[in-house]
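One structure is given below, encoded as structure tokens.
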Amino acid sequence: MSKCGSERKNIDIDSLNERVRKAGMKLTQQRTQMLKILLGHPDPISADEIFKKFDDKSDGMDLVTIYRILKKFEEAGLVSRLEFGDGVARFELALESGHHHHHVICRQCQRVEPIHICDLDPHIKMVETMGYKQVSHRLDFFGVCSRCQ
Ligand SMILES: [Zn+2]
Ligand SMILES: [Zn+2]
């Protein structure tokens, strides 16, 4: 499960739509638009920020609907939900299964950037020798980014 260090694969809206269909979800206008927003935003994004990016709110789009769709996407393995201890849940597109990465968060401006390396295999093996299976882990870094220094 720790296939780390792989680059962000090129994902396009077609392959995402395909994954929505495979998950047995209907491809509504709202869901497609949401995937486009997530796709155009490489860093994790909050539901509030997604809502601001919706240019057509006329078809009943509201924050509650956004959370509902995000939950569906999360259950289908399309998005990952991230929490960094500031009380704001952020979301990003989940890449192919098995891919996994970490994040660094700026303590000043709260920007979040992915880190595409993970050297925790020895630790994972150690936990496995304790008799655990399907071991996962979370690791977040915090610092002050170059813009905020
Ligand atoms: Zn910053
Ligand atoms: Zn890792």
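Starting from 1, each residue takes its place in the sequence as its number. In listed order, ligands and their atoms are each counted from 1.
- Here Cys109 contributes SG and Cys145 contributes SG, and at the Zn ion (ligand 1) these two atoms make an angle of 120°, given to 10°.
- Side-chain contact annotation: Glu49 with His41, donor-acceptor N/O pair under 3.5 Å absent.
- Other members of the hydrophobic cluster containing Phe84, listed by chain and number, are Leu82, Ile105, Val112, Phe142; membership follows side-chain contacts under 4.5 Å among ILVMFWY residues, whether direct or relayed.
- The aromatic rings of His137 and His102 lie parallel to each other, with less than 30° between the two planes, well short of the 60° mark.
- With the Zn ion (ligand 2) as the vertex, atom NE2 of His137 and atom NE2 of His102 span an angle of 100° (nearest 10 degrees).
- Inclusion of His101 in the first shell of the Zn ion (ligand 2) is not supported: no N, O or S atom falls under 2.8 Å.
- At the Zn ion (ligand 1), the vertex angle linking SG of Cys106 with SG of Cys148 is 110° (nearest 10 degrees).
- Put simply, CD on Gln110 and OG on Ser46 are 11.0 Å apart, with the number rounded to the nearest 0.5 Å.
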